K.L.:
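The structure under discussion is supplied below as structure tokens; questions concerning it will follow.
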Amino acid sequence: MKNLKLLFLIPLFVVGSCNTDNNSESLRQTENHLTVQNSQKLSSKITNPHEQLGILHNEFLTTMYNSNVESVDVVKASAKSFFKSKGYNTDLITNSALNTIVATSLAAPFTADGLDALSVKYNFSDAYKAELYKLVVFFNQNSYASVDEIENGLINIEEEYMNAAVSSQEKQNLLGIIVIARYSTHYWINRFPNDRPSFVAKGKWFARIFGGIIGDVVGAAVGGAIGGAVGGPVGAAIGIGLGAAAVSGAVQIEITKDENAS
């Protein structure tokens with residue numbers, strides 16, 4: 001599990017088909033239990049065609065947390081079953097491919113060099129890599145003044161992605177990745193609400209929430225690449241949702257262990 005712990009500590013040490021489209025989760029933590037309430041979707045400046053992936057992502061992570069899942073293998077199997085139950089053809093992503101998505105994502109530091117390595121491995125275009133680099137810069141800062149600044153910053157990046165000068169498929173991947181990042185941010189901020197008012201233990205708070213979000217972003221990027229290679233645009237969307245859920249679910253296991261030990 002060494003790679004999992006490294007992943008969510010990186011930000012401290014590195015600088016620089018359901019009819020629920022209008023619903024999302026409002027997460028509330030009560031003792032050790034998260035509840036999910038229907039509310040309007042998270043605010044954004046654009047209409048993101050992949051909004052549903054974000055909604056389902058938070059629903060899955062909440063289920064894993066409340067079920068006290070402690071096995072990465074259970075997380076991966078549950079992610080495939082969950083997305084299949086929501087109408088996604090997860091058979092496009094074999095168990096072997098999902099294992100590769102999770103292992104690759106957990107081993108990849110979310111830095112400029114880490115992104116370069118992923119770009120070579122999955123043949124990202126220079127333009128696509130440049131757009132993903134915006135998220136590397138964003139999540140390698142740990143000096144945000146408020147949670148609103150974090151969430152609004154991602155909304156601004158999402159707007160930039162809508163207008164990005166990349167191929168049509170790359171744009172869809174970017175929009176899928178950023179919607180995962182927005183909903184993941186909402187999830188993790190609300191996983192640790194007691195730290196929000198005064199940012200008590202601010203460094204550790206950043207490590208926890210950014211570790212979870214980074215797991216989502218890298219899992220979505222790798223999942224989109226692998227899914228797209230076997231299933232085109234449909235496979236890419238499934239890979240983004242499935243990859244983010246499986247990787248972040250794995251990271252959540254380690255974060256919860258750290259939380260309980262502190």
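In this text the structure is predicted, and so the values were computed from the model without any measurement.
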K.L.:
Inspect the contact between Lys257 and Glu70 and indicate whether a charged nitrogen and a carboxylate oxygen are less than 4.0 angstrom apart.
P.N.:
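A salt bridge is absent here (no side-chain N lies under 4.0 Å from a carboxylate O).
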K.L.:
Are Ile238 and Ile93 packed together at the side-chain level, in the sense that at least one heavy-atom pair is separated by less than 4.5 angstrom?
P.N.:
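A side-chain contact exists here, since the closest heavy-atom pair is under 4.5 Å.
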K.L.:
Measure from the side-chain N and O atoms of Asn48 to the backbone N and O of Gly176, and report whether any donor-acceptor pair falls under 3.5 Å.
P.N.:
no
K.L.:
Do the side chains of Leu118 and Val218 get nearer than 4.5 Å, heavy atoms only?
P.N.:
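Yes; the side chains approach each other to less than 4.5 Å.
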K.L.:
Would you say the side-chain atoms of Gln252 pair up with the backbone N or O of Leu61, donor to acceptor, closer than 3.5 Å?
P.N.:
yes
K.L.:
Do you know which two heavy atoms are closest between Glu59 and Lys86, and how far apart they sit?
P.N.:
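Minimum heavy-atom contact is OE2-NZ, 3.3 Å.
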K.L.:
Measure across Asn173 and Ala236 and return the closest heavy-atom pair with its distance rounded to 0.1 Å.
P.N.:
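For Asn173 versus Ala236, the nearest heavy atoms are OD1-CB, 3.5 Å.
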K.L.:
Closer than 3.5 angstrom, by distance alone: can the side chain of Asn123 be matched with the main-chain N or O of Ser119 as a donor-acceptor pair?
P.N.:
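Not a single qualifying donor-acceptor pair exists.
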K.L.:
Can a salt bridge be assigned to the pair Asp91 and Lys84 using a cut-off of 4.0 Å between side-chain N and carboxylate O?
P.N.:
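Result for this pair is yes, salt bridge flagged.
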K.L.:
Which residues pass the ring-ring contact (aromatic ring centres under 6.0 Å, His included) test with Tyr161, sequence neighbours left out?
P.N.:
none
K.L.:
So, are Glu170 and Lys129 salt-bridged, with charged N and O less than 4.0 Å apart?
P.N.:
no
K.L.:
Does Asn89 reach the side chain of Leu92, with side-chain heavy atoms less than 4.5 Å apart?
P.N.:
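Side chain of Asn89 against side chain of Leu92, heavy atoms only: contact under 4.5 Å found.
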K.L.:
Tell me the closest heavy-atom pair linking Ala246 and Val102, and the distance in Å.
P.N.:
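The answer is CB-CG2, 3.8 Å.
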K.L.:
Taking C-beta and beyond as the side chain, do Ile240 and Leu53 meet within less than 4.5 Å on heavy atoms?
P.N.:
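Yes - at least one pair of side-chain heavy atoms lies under 4.5 Å apart.
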K.L.:
Verify side chain to side chain contact (heavy atoms under 4.5 Å, CB included) between Tyr128 and Gln169, making sure each step is shown before the conclusion.
P.N.:
CA-CA 10 Å; Tyr128 183 62; Gln169 183 55 58; over 6 Å; no
K.L.:
If you compare all heavy atoms of Ile101 against all heavy atoms of Gly243, which two are closest, and at what distance to 0.1 Å?
P.N.:
CG2-CA, 3.8 Å
K.L.:
Judged by modelled atom types alone, do Thr62 and Arg191 share a side-chain donor-acceptor pair under 3.5 Å?
P.N.:
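On atom types as modelled, these side chains do not qualify, holding no pair under 3.5 Å.
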K.L.:
Of all heavy-atom pairs between Ala181 and Leu154, which one has the smallest distance, and what is that distance?
P.N.:
O-CD1, 3.8 Å
K.L.:
For Ile209 and Thr185, what are the C-alpha separation, side-chain angles and deciding distance, and is it a side chain to side chain contact (heavy atoms under 4.5 Å, CB included)?
P.N.:
CA-CA 7 Å; Ile209 70 161; Thr185 298; 5.8 Å; no
K.L.:
Hey, can you tell me if Phe60 and Phe83 have their rings parallel, tilted or perpendicular (30° and 60° cut-offs)?
P.N.:
tilted
K.L.:
Any side-chain heavy-atom pair from Tyr133 and Phe138 closer than 4.5 angstrom?
P.N.:
no
K.L.:
Verify the distance criterion only: is there a donor paired with an acceptor across the side chains of Glu160 and Asn156 at less than 3.5 Å?
P.N.:
no
K.L.:
Just by distance, do the side chain of Ser67 and the backbone of Thr63 share a donor-acceptor pair under 3.5 Å?
P.N.:
yes
K.L.:
Can you confirm whether Leu175 sits close enough to Val179 that some side-chain heavy atom of one is under 4.5 Å from a side-chain heavy atom of the other?
P.N.:
no
K.L.:
Using a 4.5 Å cut-off on heavy atoms from C-beta on, say whether the side chain of Lys121 contacts that of Thr104.
P.N.:
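They are in side-chain contact.
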K.L.:
Write down the atom of Val166, the atom of Glu131, and the distance for their closest heavy-atom approach.
P.N.:
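Nearest pair, atom of Val166 first, then Glu131: CG1-CG, 4.2 Å.
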K.L.:
What residue pairs, at least two apart or across chains, pass side chain to side chain donor-acceptor pair (under 3.5 Å) with a residue in residues 213-236?
P.N.:
His57-Asp216, Ser184-Asp216, Asp216-Ser248
K.L.:
Between Phe139 and Phe210, how do the two ring planes meet: parallel, tilted or perpendicular, split at 30° and 60°?
P.N.:
perpendicular
K.L.:
Given the rule in the side chain to side chain contact (heavy atoms under 4.5 Å, CB included) test, do His50 and Ile178 qualify, once you have shown the distances and angles that lead to the verdict?
P.N.:
CA-CA 9 Å; His50 300 294; Ile178 192 63; over 6 Å; no
K.L.:
Between Ser85 and Phe82, is there a donor-acceptor pair closer than 3.5 Å when you use the side chain of the first and the backbone of the second?
P.N.:
yes
K.L.:
Regarding Glu158 and Arg182, does a basic nitrogen lie under 4.0 Å from an acidic carboxylate oxygen?
P.N.:
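Looking at Glu158 and Arg182, the cut-off is met.
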K.L.:
Who passes side chain to side chain contact (heavy atoms under 4.5 Å, CB included) against Asp73, sequence neighbours left out?
P.N.:
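Counting only residues at least two positions away or on another chain, Asp73 forms a side chain to side chain contact (heavy atoms under 4.5 Å, CB included) with Ser71, Lys76.
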K.L.:
Going from CG on Leu174 to CG on Leu132, what distance comes out if it is rounded to the nearest 0.5 angstrom?
P.N.:
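Reported to 0.5 Å precision, the distance equals 5.5 Å.
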K.L.:
Give, for atom OG of Ser105 and atom CD1 of Ile226, the distance between the pair rounded to the nearest 0.5 Å.
P.N.:
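One finds 7.5 Å between OG of Ser105 and CD1 of Ile226.
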K.L.:
Run the side chain to side chain contact (heavy atoms under 4.5 Å, CB included) test on Ile214 and Leu135 for me, step by step, so that the C-alpha distance in whole Å, both residues' side-chain angles and the decisive distance to 0.1 Å come before the verdict.
P.N.:
CA-CA 9 Å; Ile214 286 170; Leu135 290 175; over 6 Å; no
K.L.:
Can you check whether Pro233 reaches Gln172 side chain to side chain, under 4.5 Å on heavy atoms?
P.N.:
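The answer is no, as the side chains (C-beta and beyond) never meet within the 4.5 Å cut-off.
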